[in-house]
Amino acid sequence: MTLRKKNDLSVTLKKILRGLGQCLIGVIIYYAISSYQQRHLITTGTLAPSFHLPQLQQTRWFDSKELAEKTSIIYFFAPWCQVCKLSASNLNTLDNQKLNVIMIALDYQHTEEVSQFVEELDLSMPILLGNNTLKQQFNISAYPTYYVLDKEQRIIGHSMGYSTELGLKLRSLQ
């Protein structure tokens, strides 16, 4: 190998290592910020607060006891939240034979806002109308926020912000 080729290889290797180092720093920063944002969410292993809420456009109320017997995702959103609009449709792709998926609207002025949000995204899961008490019980400080519950309604995972279809599926497998 000539000296020139060795120098070219050395420069290329340095660029690759510098790029990998920058990626690693980016990942560390991302996880640090995520951990900081989620520090007030209910810890895993804790029994989720129970609730009894009205369903959007139905006279029926939904009781959290209906979530028993399957792993569940409770997705908290606000109809004005743009990140919620981007990620909520990923919930439609989850297997509802193996998983309960519900969405709970918070921070809305009128139910029409929630209805419009649901219609725009063609959402098929139960949509519940939450309140400030529930928001405080689940320590919701940003949207979207979701919790993953096991069959006994213990929290086995949580996240805040956008989540991909794959991310939701992986968290629900815990």
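Just so you know, these numbers come straight off a predicted model, no measurement behind them.
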For this session: Indicate, with yes or no, if W61 and F51 share a hydrophobic cluster defined by side-chain heavy-atom contacts under 4.5 Å among Ile, Leu, Val, Met, Phe, Trp and Tyr.
Result: no

Exercise. Is there side-chain contact between N131 and L106, with at least one heavy-atom pair below 4.5 Å?
Worked result: no

Exercise. In terms of the angle between their ring planes, are Y147 and H158 parallel, tilted or perpendicular, with boundaries placed at 30° and 60°?
Worked result: perpendicular

Exercise. I155 pairs by side-chain contact (heavy atoms from CB on, under 4.5 Å) with which of L149, D150, L47?
Worked result: L149

Exercise. Closest heavy-atom contact between E113 and P79?
Worked result: O-CB, 3.7 Å

For this session: Could you tell me if the ring centre of F117 sits under 6.0 Å from that of Y108?
Result: no

Exercise. Which atom pair, heavy atoms only, marks the closest approach of S124 to N92?
Worked result: OG-OD1, 3.0 Å

Problem set entry | Nearest-0.5 Å distance, CG of residue L56 to CG of residue L128 | 9.0 Å

Seminar exercise, completed: Rounded to the nearest 0.5 angstrom, the CG-OG distance for L134 and S50 is 9.5 Å

Seminar exercise, completed: NZ (K70) and CD (Q153) are apart, to the nearest 0.5 Å, by 13.5 Å

Problem set entry | Which atom of G45 lies closest to which atom of R154, heavy atoms considered | O-NH1, 3.3 Å

For this session: Go through the steps for L123 and L91 under the test side-chain contact (heavy atoms from CB on, under 4.5 Å), then give the verdict.
Result: CA-CA 8 Å; L123 299 171; L91 296 168; 5.7 Å; no

Exercise. Does any donor atom in the side chain of Q116 or E112 lie under 3.5 Å from an acceptor atom in the other side chain?
Worked result: no

For this session: Give, for atom CD1 of I74 and atom CD1 of I102, the distance between the pair rounded to the nearest 0.5 Å.
Result: 4.5 Å

Exercise. Where do S72 and L99 come nearest, in terms of heavy atoms and distance?
Worked result: N-CD1, 4.1 Å

Problem set entry | Residue pair F62 / I104, side-chain heavy-atom distance below 4.5 Å | no

Exercise. How far apart are the closest heavy atoms of A78 and C84, and which atoms are they?
Worked result: N-SG, 3.9 Å

Problem set entry | Interatomic distance, Q55 atom CD to M103 atom CE [nearest 0.5 angstrom] | 13.0 Å

Exercise. Any side-chain heavy atom of I156 sitting closer than 4.5 Å to one from T44?
Worked result: no

Exercise. D107 and K135: side-chain contact (heavy atoms from CB on, under 4.5 Å), yes or no, with the steps?
Worked result: CA-CA 9 Å; D107 288 344; K135 181 178 176 180; 2.9 Å; yes

Problem set entry | Inter-residue atom distance L121.CG - L86.CG, 0.5 Å rounding | 9.0 Å

For this session: On the 0 to 90° scale, with breaks at 30° and 60°, tag the F138-F76 ring pair as parallel, tilted or perpendicular.
Result: tilted

